[in-house]
Amino acid sequence: FSDEDLMERELSYGRSGFQLQFMLDTRLSDADRYPLKLSDLIVMGTNTEDAPEKPIWGSGHGQIVNDLPCVGLNGDRYYSPAFLQGDWIPYTGTVMAIDPSGRGTDETAVVVVKMLNGFLYLTAMRAYRDGYGDKTLEAIANLAKEQKVNHVVIEANYGDGMFTKLLQPFFKRAEYACMLEEVKHSKQKEMRIIDTLEPVMNQHRLVVDRKVVEWDYSSTKDLPPETAYKYQMFYQMSRMTRDRGSLSHDDRLDCLAMAVAYWVEDRTEAGRVDEEGAEDMGRRCEKKDVRIGCESRMGKWRDDEVCV
């Protein structure tokens, strides 16, 4: 492989995946053992309508975010963008991901991720502990309407599609037309989450709304101190490893990986960092969004999708 090709592959696989697959290095350092770093995120204020064409990541002293609670490992921190390039323009699409749960200790997690020019914007997150209660289902439908969601992806591993059937009437009650699609996963969860998120985060293409960080931290204040952190997404993100069962709770992080995977169809496209790659990704997502928008109005869906 040429040096240029190896650099592109490292961006595509992520730092830890590249060391394992191409350098044949199975001894991960502490830094590589926890590959999802909060410092790779861009943290800024966002809105539901539009975003800057290109937020530029920076790790200087002036970009350190000191006014948000940080639950990362030692030395890990949040950074705001160095500057915002271009105008604020409308998003090309919005997806909501849902990871359902029963009535045990797991949560029903919900995230909303928007796309613009190859950048993914995490604009909202919720987690519910009553599984599939009416209040939870109603809140999910209202959040989708508030965030102008085009497409909802629901993990079907739990209940084999039961959650989708329960959710459909609440979208109708909210008078919001949206496409619901079920997805199933067979790959080891930890490997799937890291393989999805690490390449995008290494390229600083995941932008997080400040309100999401604040909500994630404050949402567990009613739990005992010894377990509260374990339910927080950014705690889960910074402690995720490739070992099976590395986290006792990973619902929120798994949900984020589902939303990111929706936009990133394969790791090769996700690894493009040059302008041509970003434009290609943006055009691809625009086409997907046009398909969603047009077909949702015409009521034409594939067999594995539901129009509500």
Side-chain angles (χ1 to χ4, degrees), residues 13-20 27-44 57-59 63-81 97 99 105-107 109-111 113 120-127 188-221 223-261 264 270:
Y13 277 83
R15 287 185 288 260
S16 64
F18 180 81
Q19 289 294 322
L20 180 63
R27 300 169 302 168
L28 296 178
S29 65
D30 287 343
D32 290 329
R33 179 174 171 77
Y34 302 101
L36 304 180
K37 298 174 175 56
L38 304 185
S39 57
D40 283 332
L41 302 170
I42 297 177
V43 179
M44 59 176 282
W57 178 85
S59 59
Q63 282 77 54
I64 298 175
V65 179
N66 291 316
D67 60 342
L68 290 176
C70 184
V71 294
L73 297 171
N74 268 344
D76 204 4
R77 59 192 69 185
Y78 297 119
Y79 290 103
S80 60
D99 183 14
T105 59
D106 288 340
E107 297 179 313
V110 181
V111 302
V113 175
L120 304 180
Y121 292 80
L122 173 58
T123 59
M125 176 172 60
R126 297 290 185 272
Q188 179 190 330
K189 182 187 294 186
E190 293 79 7
M191 298 284 284
R192 172 174 54 81
I193 291 173
I194 291 176
D195 288 344
T196 299
L197 294 179
E198 187 184 12
V200 177
M201 292 175 63
N202 284 174
Q203 299 169 70
H204 313 299
R205 291 189 175 275
L206 183 56
V207 182
V208 179
D209 192 318
R210 289 173 55 90
K211 292 188 180 69
V212 172
V213 179
E214 294 170 347
W215 182 91
D216 186 49
Y217 185 79
S218 63
S219 65
T220 61
K221 286 184 176 179
L223 296 175
E226 63 273 14
T227 60
Y229 284 128
K230 297 178 182 179
Y231 282 92
Q232 296 174 19
M233 189 191 73
F234 296 102
Y235 180 93
Q236 298 168 7
M237 180 181 289
S238 61
R239 270 79 172 177
M240 172 65 73
T241 73
R242 294 180 180 272
D243 301 326
R244 186 182 296 275
S246 60
L247 295 174
S248 56
H249 298 284
D250 54 20
D251 304 299
R252 300 184 187 188
L253 187 64
D254 189 14
C255 195
L256 174 63
M258 288 171 55
V260 171
V264 184

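- Leu41 contributes atom CG, which lies 11.5 Å from atom OH of Tyr79 (distance to the nearest 0.5 angstrom).
- Considering only residues two or more places apart in sequence or on other chains, Glu107 meets the side-chain contact (heavy atoms from CB on, under 4.5 Å) condition with Ala127, Arg129, Tyr231, Asp251, Arg252.
- Applying the side-chain hydrogen bond (donor to acceptor under 3.5 Å, both in side chains) rule to Thr123 yields the partners Gln147; only residues at least two apart in sequence or on another chain are considered.
- Atom CE in Met237 sits 12.5 Å away from atom CD in Gln232 (nearest 0.5 Å).
- A donor-acceptor pair under 3.5 Å is formed between the side chain of Trp57 and the backbone N or O of Ser39.
- The CG atom of Leu256 sits 8.0 Å away from atom CZ of Phe234, with the distance rounded to the nearest 0.5 Å.
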> Checking side-chain contact (heavy atoms from CB on, under 4.5 Å) for the pair Lys230/Leu247: CA distance, chi angles, key distance, verdict?
Replying inline: CA-CA 8 Å; Lys230 297 178 182 179; Leu247 295 174; over 6 Å; no
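- Shown here are the salt bridge (charged side-chain N to carboxylate O under 4.0 Å, His left out) partners of Asp99, two or more places apart in sequence or in another chain: there are none.
- Considering only heavy atoms from C-beta on, Asp195 comes within 4.5 Å of Arg242 through its side chain.
- Expressed to the nearest 0.5 Å, how far OG of Ser218 lies from NZ of Lys211 amounts to 13.0 Å.
- Minimum interatomic distance between Ile193 and Asp254 (heavy atoms only, all atoms of both residues): CD1-CA, 3.8 Å.
- Applying the salt bridge (Lys or Arg N to Asp or Glu O under 4.0 Å) test to pairs two or more places apart or on separate chains, those with a residue in residues 63-81 are Asp67-Arg210.
- At distances below 3.5 Å, not a single donor-acceptor pair connects side-chain atoms of Ser238 with backbone N or O atoms of Lys37.
- Annotation for Leu197 and Ala257: closest pair CD2-CA, 4.0 Å, computed over non-hydrogen atoms.
- Salt-bridge formation is not detected for the pair Asp250/Arg239: no Lys NZ or Arg NE/NH1/NH2 atom is positioned less than 4.0 Å from an Asp or Glu carboxylate oxygen.
- Annotation for Pro35 and Met240: closest pair CD-O, 3.5 Å, computed over non-hydrogen atoms.
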> What's the verdict on side-chain contact (heavy atoms from CB on, under 4.5 Å) for Leu206 and Asp40, showing C-alpha distance, side-chain angles and the deciding distance?
Replying inline: CA-CA 8 Å; Leu206 183 56; Asp40 283 332; over 6 Å; no
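- In terms of heavy-atom proximity, Ser80 sits nearest to Val65 at N-CG2, 3.5 Å.
- Cys255 approaches Ala97 most closely through the heavy-atom pair SG-O, 2.9 Å.
- Atom-to-atom distance recorded for Ser59:OG and His204:NE2 is 7.5 Å, nearest 0.5 angstrom.
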> So Val110 and Met125, side-chain contact (heavy atoms from CB on, under 4.5 Å) or not? Walk me through it.
Replying inline: CA-CA 6 Å; Val110 181; Met125 176 172 60; over 6 Å; no
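- Under the 30°/60° scheme for interplanar angles, the aromatic rings of Tyr229 and Tyr217 are found to be tilted.
- Residues Val212 and Leu122 approach most closely at CG2-O, 3.8 Å, considering heavy atoms.
- The CG atom of Leu120 sits 11.5 Å away from atom CE of Met201, with the distance rounded to the nearest 0.5 Å.
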>> Checking Val208 against Val213 for the side-chain contact (heavy atoms from CB on, under 4.5 Å) test, could you report, in this order, the C-alpha distance in whole Å, the side-chain angles of both residues, the deciding distance, and whether it holds?
In response: CA-CA 8 Å; Val208 179; Val213 179; 3.9 Å; yes
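- Taking the side-chain hydrogen bond (donor to acceptor under 3.5 Å, both in side chains) definition, one finds that Gln236 meets it with nothing, sequence neighbours left out.
- Every residue two or more places apart in sequence or in another chain was checked for a salt bridge (charged side-chain N to carboxylate O under 4.0 Å, His left out) with Glu190, and none qualifies.
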